[in-house]
Amino acid sequence: MINNSGSIAKIAGILKKSKSILFITGAGISADSGLPTYRGIGGLYNDSTTEEGIPIEMALAGETLKKSPAITWKYLSQIEKNCREATFNRGHQVIAEMETRFERVWVFTQNIDGFHHAAGSRNVIDIHGDMHSLICATCRWQGTVKDYSEISIPPICPECGRIVRPEVVFFGEMLPEDKLAVLQRELRRGFDVYFSIGTTSVFPYIRQPMLVANQLGRPTIEINPEDTEISDFVDIKLRMRAAEALDAIWSEYRLK
Ligand SMILES: [Zn+2]
């Protein structure tokens, strides 16, 4: 903590001079809500093979969803069940509060738990989707559920009776073009400061905004107890958990 207090003061100072902020968030921020982390999908698998004898990546792959949706739904619903009691934490809350205090704040998240929206953030690009949104690929019916206790697994379309899918990007699937377009639009406008929080940044599209910010000479800040793909080049590396770090930064900012 003593080592971190200098960095926290520095970050608060940068925020004082900033009007626009980009937050890139990953599983680490939701881990502070008690969610286990599983490669950005937030799940319960340390063991990588399922009961069906296939790797969990395969169970949660677009290909499996097409061929055997019941398998994908079985594992997604286990992940959902594990998250059901959890909700957003102080980290999500601070980011949502910042949206009301700065001119332009955007969140670019890998998480599918919907916690940023639940905490009150409006400018959210949930690039991997939200597991609470359902869509029918056959008739285009769309719906939202609070949790999966409301639905049968696999859930059936109320309009046409086919199995619906969650609006989630599974392994091997394309990223949604509309969300990528919003991201590109906002990246072109640029931000005064860029945060990467609780993500290992293994996906190139998660890493790229930080790389570009660095090339533009804009301040880059990473909050993560671990070392990641971007730790070497960020301006400030805060080795703390997300909720604790954001709360400390926000308190320091408001003192100044
Ligand atoms: Zn349908």
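Residue numbers run from 1 in the order of the sequence given. All ligand and atom numbering here is 1-based and tracks the order in the structure.
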### Cut-off under 2.8 Å, centre the Zn ion (ligand 1), protein N/O/S atoms
C136 SG, C139 SG, C157 SG, C160 SG
### Message
Under a 3.5 Å threshold, yes or no: a donor from one side chain and an acceptor from the other, between T200 and E226?
### Response
no
### Query
Okay, side chain of E150, backbone of K146: is any donor-acceptor separation there less than 3.5 Å?
yes
### Task
Evaluate the criterion side chain to side chain contact (heavy atoms under 4.5 Å, CB included) for residue pair R104 and E186; output intermediate values, then yes/no.
CA-CA 10 Å; R104 205 171 121 252; E186 295 306 320; 3.0 Å; yes
### Query
So, R165 and E173, do they make that salt bridge, N to O below 4.0 Å?
yes
### Query
Do you see a donor-acceptor pair shorter than 3.5 Å between the side chains of H116 and T25?
yes
### Query
Is the NZ or CZ atom of K19 both under 6.0 Å from the centre of the six-membered ring of F102 and within 45° of that ring's axis?
no
